[in-house]
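In what follows, a structure is listed as C-alpha cells, so that the remarks can point back to it.
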Protein chains: 2
Amino acid sequence: MAKARATIADVAREAGVSKGLVSFALNDRPGVSAHTRDRILAVAKDLGWSPSVRARSLSSDRAFALGVVIARNPEILSSDPFFPALIAGIETALAPVGQALVLSMVGDADAETASYRQLAAHGRVDGVIITDLRLNDPRLALVEELGLAAVTLGRPDIPSPFPSVNLDDAPGIRDAVRHLADLGHVRIAHVAGPATMLHGARRREAFDAALRELGLDAGPDGCLVIETDFSAADGARATRELLALPERPTAIVYSNDPMAIAGMGVAQRDGLRVPEDLSVTGFDDSDVGRHINPSLTTVSTAAQVWGEAAATALLRVVSGEQIDHIELSPALLVVRESTGPRPGTTTRPPEPGTT
Amino acid sequence: MAKARATIADVAREAGVSKGLVSFALNDRPGVSAHTRDRILAVAKDLGWSPSVRARSLSSDRAFALGVVIARNPEILSSDPFFPALIAGIETALAPVGQALVLSMVGDADAETASYRQLAAHGRVDGVIITDLRLNDPRLALVEELGLAAVTLGRPDIPSPFPSVNLDDAPGIRDAVRHLADLGHVRIAHVAGPATMLHGARRREAFDAALRELGLDAGPDGCLVIETDFSAADGARATRELLALPERPTAIVYSNDPMAIAGMGVAQRDGLRVPEDLSVTGFDDSDVGRHINPSLTTVSTAAQVWGEAAATALLRVVSGEQIDHIELSPALLVVRESTGPRPGTTTRPPEPGTT
DNA sequence: CGGCTCACCTGAACCGGTTTAGCCAAACTA
DNA sequence: TAGTTTGGCTAAACCGGTTCAGGTGAGCCG
C-alpha cells in the first residue's frame, strides 16, 4: 500500500551512479556528461522522484519559500481590496517554480517585529516582500540585520539595501485632481491615509502638488486635507469634518475606496447628492465601487501585477542575482459617476471672485 | 561577526550530555531526570538555542506549518471581508506556538488540486484548513488520499474523515427573514451564492425554511431566489432581474455584503428608496456596510474567531489528538438602516441597531 | 551475594539531500 | 615519453535534529 516516496538514493541505485551525481544532474551543475545527465533524469522521472524540499532546506540552507508580513487591523484590512489581489499575484509567480508563500498577519508593530524575527530564526523563508512602507521604516534595518533577502513594494524614503518594485500612485492622484479641476472644482479636499505610511504620505504629496500646479492651493482655510487611519469609519469622520466647514469643498479625493464609499454615505445622509453637490474619487478600484450608486470614480492600481512582479524580483534576488529597481506602469484614473461638474457651473455662471 | 547559530551539539557539549538527551529534554519525553532536564534547558536558554525547524522537519517528518488553499476569483475575493479576518484568526493561533501559515491562492479547480498536491508532496504543511466547502466536495477525498490532516470550515454534506469547525449560518438568515416578516414584508427574495458552494446552498435552504415556517413560501411566482457567483456584479444583475418582476419583492436577503451593497445601488438607480421602497439585508458584516447610506442590516459572522478555532483544532489533530466536531456560536443579525416596514404599512420602524 | 529490574543516559544510525576531496583515465603539453 | 591538466565520477562528510538499541549503576529481591 504505502509506497514509500522515492529518494535520491533510489534514483542513484537505479541509474547506477552515486547520490552526488544525481544531485549534480538535478541542479544541472557542470561535471556531468550530457549522456549521463539524461539517463539520470530519465530514471528520476521514471521513479516519479522529486527532491525533498525538507532535505534540500536542511543541507542547502534555503527555505524555498517567500514571506509576507501584513501588519494591519483586520477590520481595515477586510475592506481593502488590495491584499487579496496582491497575494494572488505573488502566488502566480511562486506556484510554477515550486516555491511557497508564508503569510503572517499581525495586529501591532511588536508582533510585526516578532514575526519577521521568527520567520528568519526558523529559516521559514529566504526573503520577504515588504509592503505598506512607512516613513523611516524600521523594517529595512531589521530585515537586513536578520539576513533576509527582500524587495520593497514602493520606494522607501530612506536609503534601502533592497531593490524596490514600484507602482507610482502619484499620476493617479494627479489625474483625479485634474479631472476635478477640469470639471470646474476649485475647493478640492483630500482625505489622506496615515502620514506615517508612505503611500498615504505620497498620495497626499501628489495631491498637494497637483493643487499647486493648478494654482488651486491658496484656499482661504489653507489646506483641505484630513488624515485618517484608512478605515471606512475614519473616512466617514473626516468627511463629516469637511462638510461642516463654513465653506465646504465641492470635491473630495479619498486615499482609498472604502473611505470614499463611507464618505459618499455621509454626504448623502447630509442631504447632498453625489455628484451634483459633491464629487468624490476613491483609490484602488474595488469591485464594490463599480456597483454602488453612483459608481465610484477611482484610481486603479494593478495589485495583482504588482504582486507578481515583486515575487519574481525577489526570487531573482534570492538566487543571487543583482537586480535593479523595477518600475511598473503607474496607477490610472477610472472615471465613473461619482464625479461631476462643480455645483452651479452647469445651471449658473461661475461665481466671480472665488478661487 | 557572523556568530553561528547554536546547535543541539553545542548545547549537549556545554551541558555535558549527549545530543539525544538534549532532544529528549526539549520534547519533554520520559527518561530524563528532572534535574538534568532543568540543566539542559538552562544551558539551551543561555546559548540562545532554539531547535532548527528544518532539521526537525527532516528527521521527524513534520512541517510545523498549516496550509490554506483559497480558490476564488481574486476579484470576488477582494471585496469579501471574510478571508482577511479568517487568516488573522488563524495567525493568532499559530504564531504563539511557532507554527507557520502557508497560503495558496488559486484561480481554478485544477490549480487548486495541484496546489494541495504540491503542499503534500513537498511536505510543506502537516494539515490544511478546508474553506469554502462545496457540494460533494472532491477535496475531502483528495486531502485524505494525500495523507494530510485537515479540518473543514463548516460541516460537509458527505461523510468526511475530518472534524469540522462549524459556525452556523442558518440562524442569521432565519433572523433576517423573521425581521423582515415582522416589518410586514411578504414578498421576500433571496440573492443566493453559487448552489455548488455549501454555504451558498445552506443559506438558501435556511431562507426557504424560514419562509415556509412563516407561511410566506407560496408566492404567486414561486420562489424568489436567484443564484449568483457571489460577486458584486452578479449581485447587481440578480437585483435587476428581481426588480423587473411584474410583482417585485419588497425585501431582498443577500448572501453577502458586496452583493447587498451593489443591489442597493441598482435599486437606487431605479428610483427606489432603501428602505422605504425596498429593504435589504447582507451577510458578513463588512466595514463598508456600516458606513454606507443607508447602513446595511446584515449578519455578523465571527470570521476571526472561526479561523482561530479552526487552526487550534487542526493543531490538535496534527498532534494526534482525536477531536470532535466543534460548534461555534452562530451568525447573528445586526439590524441597521437598510431594512424598514413594508411599503404601505403604517408599522413604526424598529429602533435601528447601533454599531 | 547473584541476578533482576528500572531509571537514566550514550552512541550511532537515520532523515534525504548538498558539497567537497580525491580517484581514474583520457587528452593535452612540452 | 613523461608530466600535467581535465572531464567524469565516487565516497564520505555534513546539515541539525530524532530515535532506538544498548550500557551502566543503583536499588531490590530471594
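Small disclaimer: the values here were computed from a predicted structure and weren't measured. Naming: A, B, ... by sequence-line order, numbering from 1 per chain. Scope of the values below: all heavy atoms of this structure, side chains included, with no hydrogens, waters or symmetry mates.
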Short side-chain N/O contact from [X] to OP1 or OP2 of [N], under 4.0 Å:
X        : N       : answer
Trp49(A) : dG17(C) : yes
Arg56(A) : dT18(C) : yes
Ser59(B) : dG17(D) : no
Ser18(B) : dT10(C) : yes
Thr7(B)  : dG16(D) : no

What nucleic acid atoms does [X] come within less than 4.0 Å of, heavy atoms only: base, sugar-phosphate, or nothing?
X        : answer
Arg29(B) : sugar-phosphate
Gly16(B) : sugar-phosphate
Asp61(B) : nothing
Val32(A) : sugar-phosphate
Thr36(B) : sugar-phosphate
Ser33(B) : sugar-phosphate
Val22(B) : nothing
Ser52(B) : sugar-phosphate

Round to the nearest Å and state the distance from [X] atom [atom1] to [N] atom [atom2].
X        : N       : atom1 : atom2 : result
Asn27(A) : dG16(C) : CG    : C1'   : 13 Å
Arg13(B) : dT10(C) : CZ    : C1'   : 16 Å
Leu58(B) : dC15(D) : CG    : P     : 14 Å
Ile40(A) : dG17(C) : CD1   : C1'   : 15 Å
Ile8(A)  : dC14(D) : CD1   : P     : 19 Å
Phe24(B) : dA21(D) : CZ    : P     : 11 Å
Arg54(A) : dG16(D) : CZ    : P     : 18 Å
Arg62(A) : dC14(D) : CZ    : P     : 21 Å

Side-chain touch Phe64(B)/Ser57(B), heavy atoms, less than 4.5 angstrom: yes
Heavy-atom check, side chain of Ile87(B) versus side chain of Leu103(B), under 4.5 Å: yes
Heavy atoms of other groups near Glu14(B) CD, more than 12 under 6.0 Å: no
Ion pair Arg72(B)/Asp132(B), N-O distance below 4.0 Å: yes
N-O pairing of Arg117(B) and Glu145(B) below 4.0 Å: yes
Side-chain H-bond candidate by donor/acceptor type, Ser164(B) with Thr152(B), under 3.5 Å: no
Donor/acceptor link under 3.5 angstrom from Lys19(B) side chain onto base of dG17(D): yes
